[in-house]
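In what follows, a structure is listed as structure tokens, so that the remarks can point back to it.
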Amino acid sequence: MGRVTPAKAEAEILDIGGHEVRISSPTKIVFPEPGVTKLDIVRYYLSVADGALRGAGGRPMVLKRFPKGIDAEPFFQKRVPENHPEFIDTATLQYARGTSAEEAVIRDAAGLAWIVNLGCLDLNPHPVRAEDLDHPDELRIDLDPMPGVDWSQIVDVAFVAREVLDDVGLVGWPKTSGSRGIHILVRIAPLWDYKQVRLAAETLAREVANRAPGLATAQWWKEERGESVFVDFNQNAKDRTVASAYSIRPLPDARVSTPLGWDEVRARRPEEFTVLTVPERYAEIGDPHAGIDDAVGTLDGLLRLAEELGPAEKPPRGGSADGRRQSTMPLIEIARTKTKSESLDALKEWIRRHPDANAQLHPADVLIDGMRGSSSLWYRVRVNLQHVAQDDRPPQEDLIADYDPWEGKVWPGAPGGAPGR
């Protein structure tokens with residue numbers, strides 16, 4: 001990093017690789033608990049720039065912005081700001097629902113600083129390069145633990161996934177998700193389209209579940225997973241992104257999604273890796289994923305396995321008047337809220353009303369789902385009553401909170417430009 005000079009009040013200009021990047025409100029506290037400022041976040045990304053760019057550089061990305069801090073809901077911005085600097089490239093993605101967006105593509109450390117200045121914490125790139133938007137070069141395995149699952153079980157599933165990858169001639173590169181789970185990244189030749197890559201990922205998930213029954217699951221419906229690790233293959237769908245290597249996550253301790261060597265996976269814990277600790281680790285050992293681009297593999301083995309396993313069993317969808325899937329589990333919905341804190345408040349209220357039912361719930365029976373709205377997340381709270389005695393099961397009641405994420409939205413093509421749900 002070059003010179004740092006004061007600019008207008010409450011701003012600094014950084015000279016990064018010959019590019020000037022303006023950082024507004026550099027002393028703004030972003031993470032109160034460790035006292036991390038906006039400028040600290042910029043400096044963090046500059047200290048791990050090579051590793052962060054290995055994961056996110058050259059790829060179109062969704063900008064996940066936290067303009068009001070980590071305690072407020074972020075919003076997702078697909079379209080690159082019109083006044084972006086010349087060192088920010090772009091790529092126009094065509095989305096599955098027929099829309100398109102010109103998204104940001106960063107290629108250097110200045111790009112990292114620029115997106116942090118927009119209020120981004122984590123990096124959310126697509127699994128494709130800007131030069132070939134139709135053929136992913138990365139297969140992503142997201143090991144997502146259900147409530148009640150401890151770290152040792154996640155690690156066991158990670159090693160089963162590694163074994164499956166080895167059997168089909170692929171190399172997996174693990175990292176902490178920055179929350180509770182583990183991501184395993186696999187570089188592949190860009191020869192297959194999204195549908196084929198997702199099929200390969202689903203096949204891997206099914207094989208992991210077959211080899212680790214009770215520990216892992218490939219069940220798509222959350223209420224059917226139990227206390228297991230969900231091998232989330234849908235992160236390979238066309239419109240999906242995940243937090244890439246060295247991304248800062250919006251948790252109070254400023255936790256980082258950190259690449260690991262396989263010899264570290266069982267010994268280390270996600271909470272060890274934060275904005276304050278990762279730069280020193282990086283300076284000492286470098287990037288454990290430094291060789292990922294030299295380990296490009298083929299999906300032939302997984303696609304052959306897909307043929308051997310046959311089509312995945314589809315869950316029943318009948319029984320609902322509107323044609324929507326009807327769960328085989330005794331689910332009740334409690335609330336729909338705008339924020340995570342409101343969802344937790346609604347859950348507390350339901351527990352207050354139904355203490356006998358709550359006493360019989362298992363950790364994985366409480367389902368709080370972050371749902372993607374038009375530009376931000378909203379939250380749905382449900383309870384699976386499968387472990388509650390029949391006589392103690394509360395009925396479906398009016399929602400404690402009923403937030404409508406689509407209220408006021410104008411849908412393209414709607415008659416007269418009318419809003420709709």
Side-chain angles (χ1 to χ4, degrees), residues 122 124 139-165 172-186 201-202 204-237 240-245 247-253 255-260 262 264-274 315 327 329 331 340 343-344 347 361-372 377 379-384 386-387:
D122 44 12
N124 289 271
L139 183 145
R140 297 168 171 178
I141 303 163
D142 180 6
L143 303 183
D144 184 12
M146 293 294 288
V149 171
D150 62 24
W151 181 249
S152 64
Q153 182 174 335
I154 305 168
V155 169
D156 287 339
V157 174
F159 277 96
V160 174
R162 185 190 190 190
E163 181 182 74
V164 174
L165 289 170
W173 301 78
K175 68 181 181 73
T176 63
S177 70
S179 182
R180 296 182 61 236
I182 290 176
H183 295 161
I184 303 175
L185 308 177
V186 182
E202 183 179 21
L204 183 140
R206 292 172 64 195
E207 182 63 16
V208 170
N210 288 342
R211 297 189 188 190
L215 293 180
T217 180
Q219 290 286 342
W220 178 244
W221 303 109
K222 194 171 184 178
E223 68 272 15
E224 296 174 1
R225 297 174 195 163
E227 291 178 14
S228 62
V229 176
F230 175 46
V231 186
D232 189 354
F233 52 88
N234 207 50
Q235 298 294 7
N236 296 275
R240 301 295 286 270
T241 61
V242 297
S244 60
S247 285
I248 302 171
R249 307 310 304 275
L251 296 177
D253 59 0
R255 198 171 297 188
V256 168
S257 179
T258 305
L260 302 174
W262 279 106
E264 297 181 289
V265 170
R266 196 171 296 281
R268 307 303 295 266
R269 296 292 185 275
E271 60 270 19
E272 296 179 53
F273 305 111
T274 71
S327 176
M329 294 292 180
L331 284 176
K340 183 71 173 288
S343 71
L344 296 175
L347 177 60
L361 296 178
H362 292 196
D365 291 339
V366 176
L367 310 171
I368 301 180
D369 302 310
M371 313 289 286
R372 184 67 69 89
L377 293 179
Y379 295 87
R380 178 179 63 176
V381 187
R382 297 176 297 161
V383 173
N384 186 350
Q386 61 178 327
H387 296 112

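What you are looking at is a predicted structure, and each value in this text was computed from that prediction instead of being measured.
Listed for the R180 side chain is a donor-acceptor partner under 3.5 Å among the backbone atoms of P145. Looking only at distances, no side-chain donor or acceptor of R255 sits under 3.5 Å from a matching main-chain atom of P252. Counting only distance, with no hydrogens or angles, the side chain of T258 and the backbone of V256 share a donor-acceptor pair below 3.5 Å. No donor-acceptor pair closer than 3.5 Å links the side chain of R206 to the backbone N or O of A218.
For R162, the side chain to side chain contact (heavy atoms under 4.5 Å, CB included) partners two or more places apart in sequence, or in a different chain, are F159, W262. For E272, the side-chain hydrogen bond (donor to acceptor under 3.5 Å, both in side chains) criterion is met by R268, not counting sequence neighbours.
Between V160 and A212, the closest heavy-atom pair is CG2-CB, 4.2 Å. Minimum heavy-atom separation, E264 to L260: OE1-CA, 3.5 Å. Closest approach of K175 to S257, counting heavy atoms only: NZ-OG, 2.7 Å. The shortest non-hydrogen separation linking A161 to V208 is CA-CG2, 3.7 Å. Nearest heavy atom pair, residue L251 against residue G178, reads CD1-O, 3.3 Å. Across every non-hydrogen atom of A243 and N124, the tightest pair is N-OD1, 3.7 Å.
Residue L204 holds its CG atom at 11.5 Å from CZ of F233, rounded to the nearest 0.5 Å. Summarising the geometry, atom CG belonging to L185 is positioned 9.0 Å from atom OG belonging to S244; distances are rounded to the nearest 0.5 Å. With values rounded to the nearest 0.5 angstrom, E202 atom CD is found 10.5 Å from N236 atom CG. Between atom CD1 of residue I141 and atom CD1 of residue I184 there is a gap of 5.0 Å, rounded to the nearest 0.5 Å. With values rounded to the nearest 0.5 angstrom, H183 atom NE2 is found 6.5 Å from Q235 atom CD. Interatomic distance, N234 CG to R240 CZ, rounded to the nearest 0.5 Å: 5.0 Å.
Side-chain contact between W151 and I182: present, with at least one pair of heavy atoms (C-beta onward) separated by less than 4.5 Å. Side-chain atoms of V231 and L143, non-hydrogen and from C-beta on, do get closer than 4.5 Å to each other.
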After noting the C-alpha distance and the side-chain angles of L165 and E207, does the key distance pass the side chain to side chain contact (heavy atoms under 4.5 Å, CB included) rule? CA-CA 10 Å; L165 289 170; E207 182 63 16; over 6 Å; no

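For the side chain to side chain contact (heavy atoms under 4.5 Å, CB included) test with I154, the passing option among V149, V265, T176, L215 is V149; the others fail.
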